[in-house]
Protein chains: 2
Amino acid sequence: MSQMQSVEKQLRQMILGLEIGPGEKLTERWIESRFGASRTPVRAALLRLETEGLVGRDGRGWTVSPINLAELEQIAVYRDAVEVAALRLTCSLADRSAVDVIEAMLESCDNDTPREEWHRVGMDFHIELARLSGNEFLFRAVRDAMTRLSRARWLEVRDEAALARAWAEHRAILAATRLGDADEAARLLSVHIVGSRDRLVTSLANDRRGLRARGFAVVAA
Amino acid sequence: MSQMQSVEKQLRQMILGLEIGPGEKLTERWIESRFGASRTPVRAALLRLETEGLVGRDGRGWTVSPINLAELEQIAVYRDAVEVAALRLTCSLADRSAVDVIEAMLESCDNDTPREEWHRVGMDFHIELARLSGNEFLFRAVRDAMTRLSRARWLEVRDEAALARAWAEHRAILAATRLGDADEAARLLSVHIVGSRDRLVTSLANDRRGLRARGFAVVAA
DNA sequence: GATACCAAATTGGGATACCAAGATGGTGCC
DNA sequence: GGCACCATCTTGGTATCCCAATTTGGTATC
C-alpha cells in the first residue's frame, strides 16, 4: 500500500481516538518521524484531514480541531436535514430488507462488548442507514457529520443509560422504516438526533473542566 | 499570496469555465508548467479539487471529472434536503432583512448582462440564501453542491426562457421568505430545484452528442 | 527585576532529484 | 503483414533540500 493512505489513516485514528488531544499543535516534522513517512504524504494527509474538519490551520502551523460546542449544535441541525431526507428516501423504496442487516449490527453489541465497539456501531448505524437511501451525497454528508461528531461521542458511550436509550431509539427507527412509515420514522429520527445532541452538549458542558485538565481544548457555544 | 492558492483558484476556474473539458486527462507536469508553479502546490491544488469532485483519479493519473447525469439527479435530491432545511431556518429568524441584499443581487442582471454574470448570480442566489440560515454546515453543503452543478449549468444559461423562469422563481422564493411563510417558501424552492434539474437533464441529454463532439465526456444516468 | 531587542533555531511552503510502475512505440520474428 | 516482445519515455509517488517567516531564548540595558 502507498504510505500516503497509511499516514492518513493512522493519523485520523489517533485524532479520533483522542490519542492526540483536541487543540493540540501538530508539526509536519513530528508526524513525519512518528509514522516514518516523508513530508509529501504527510502533507497530503493533513490536507485531507483538513477537509474533514479534524485538523485546521492556526496561522502558520497545524492544530487538531478543538471540540466545539457551537459546532455540535449546528451539526445536529445539519444531520436532521440529511438523515431525515435519506430515511424518507429509503422508506419509499420497494425493497427495504437491508434494514435487517443494520438490525443485526445493533444486536451484535451486548454487555461484554468493549466501549470502542459501541462507539463504532453507534456511528455506523446512522451511516449505513443513510447508505440504504442510495443517494451518494446524502450518504457522504451523514458519514462526514458522524466523523466530526466522533470525538465528542466518546462521552455518550461512557453513560450506560444514554447508550440503552440510543439503542432503543435506533430499533424503533428501524421498525418504522421496515413498515415504510416515512413520517413516523422521520419523527423518531428527528427526536433521536435532537436528544442525542442535548445529552452530548450537557455532558460536555459538565465535563468541560475535566477535559481541559486533560489538555483537551473545548470551545464554548 | 502563496502560489498554492493561486494554482488552485486558476485551475478551478479553468475547469468550471470548461476551458479544460470534462473527462480530459491532467498531468501534474502540465499544470506545473502551465501555471509556473512547482509540484508541491500543484499537488495541494489537485487534492483540494478532488474533494470538491472536480477532478478524480483515473487509476494512475488525474482526470477532470466528466459531467454525470446520474450525479445531477442525486444532487437535486441532496439540494432539496439541505436548501429547504436552510430556508426553513431562515424563515424562523426574527430579522430576515438580509433577503433584500439577495433581491438586489438578482436585480443587478438585465439584458446587457453577460452570460457569465447570469451564471454566477444564479448560483450565488442559492449559496447566499443558504448562508442566511446561519448554519455553517448547510451553507457549505449548498456551496459545494452548486460548485458541482456549475459546469452543467452553462447549458441553462444559454436558454433565455429558462433563465426568465428561474429568476421569477427566485423572486417568489424571496417574497415568501420575507413574509416568513416557511411552508410556502419551502414548497416553491422544492419545485424550483426539481424543475431546474429537469430542464438541465433534458437539455444535457439532447446536447450530449454536441458536447461529446467538443470533447466533453458526459456520463449517462 | 522587568523589558526591549537581537540571534538562532524551528517551521511550513516551495523546488528539485530520484524511483518504480505503467504506457508507448518500434523492431524483429513468425 | 501481423503479432509479440523489449527498450524507452512518461507519470505519479517519495525523499530531500532550500528558503522566508515566525517563534524562542537569552542577554543587555534601564
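To find a chain, count down the sequence lines: A is the first, B the second, and so on, and within it residues start at 1. These values consider heavy atoms only, across backbone and side chains, with no hydrogens, waters or symmetry-generated copies.
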- Residues that A:H170 engages under ring pair (Phe, Tyr, Trp, His ring centres under 6.0 Å), provided they are two or more places apart: A:F125, A:H126, A:W167, A:H192
- Message: Under 4.0 Å, heavy atoms only, any strand: does A:I31 hit a base, just the sugar-phosphate, or nothing?
- Response: nothing
- Using the salt bridge (charged side-chain N to carboxylate O under 4.0 Å, His left out) rule, collect all pairs that involve residues 13-25 of chain B, keeping only residues at least two apart or in two chains. B:K25-B:D58
- Task: Give every residue pair that meets the side-chain hydrogen bond (donor to acceptor under 3.5 Å, both in side chains) criterion with at least one member in residues 204-219 of chain B, sequence neighbours excluded.
- Result: B:R158-B:D207
- Note on the structure: Atom CH2 of A:W62 and atom C1' of C:dT10 are separated, to the nearest Å, by 17 Å
- Item | Residue pairs passing the salt bridge (charged side-chain N to carboxylate O under 4.0 Å, His left out) test where at least one lies in residues 69-84 of chain B, sequence neighbours excluded | B:E71-B:R148, B:E73-B:R197, B:R79-B:E83
- Within less than 4.0 Å of OP1 or OP2 of C:dG13, is there a side-chain N or O belonging to A:R57? yes
- Item | Base-pair map of DNA chain D as dot-bracket, where | denotes pairing with a different strand and pairs are Watson-Crick or G-U under 3.5 Å | ||||||||||||||||||||||||||||||
- Of all the heavy-atom pairs spanning B:A37 and B:E32, show the shortest one and how long it is. O-CG, 2.9 Å
- Message: So does B:T177 get a backbone contact from the side chain of B:R96, meaning a donor-acceptor N/O pair under 3.5 Å?
- Response: yes
- Residue A:T27, side-chain heavy atoms: nucleotide from D:dG12, C:dG14, C:dG12 that is nearest: C:dG12
- Would you say D:dT14 has OP1 or OP2 under 4.0 Å from some side-chain N or O of A:S38? no
- Residues pairing under ring pair (Phe, Tyr, Trp, His ring centres under 6.0 Å) where one sits in residues 202-221 of chain B, two or more places apart or in two chains, turn out to be none
- Per the atom types in the model, does the base of C:dG12 pair as donor or acceptor with the side chain of A:R43 at under 3.5 Å? no
- Hey, does the side-chain of A:R39 have a donor or acceptor N/O within less than 3.5 Å of a partner on the base of C:dG12? yes
- Task: Please report, rounded to the nearest Å, how far the C1' atom of C:dT10 is from the NZ atom of A:K25.
- Result: 14 Å
- Query: Can you check the B:E28 CD to C:dA15 P distance for me, whole Å?
  - Reply: 14 Å
- Task: Return the value, rounded to whole Å, for the distance between atom CZ of A:R29 and atom P of C:dA9.
- Result: 15 Å
- Item | Sugar-phosphate, base or nothing in reach of B:L26, heavy atoms under 4.0 Å | sugar-phosphate
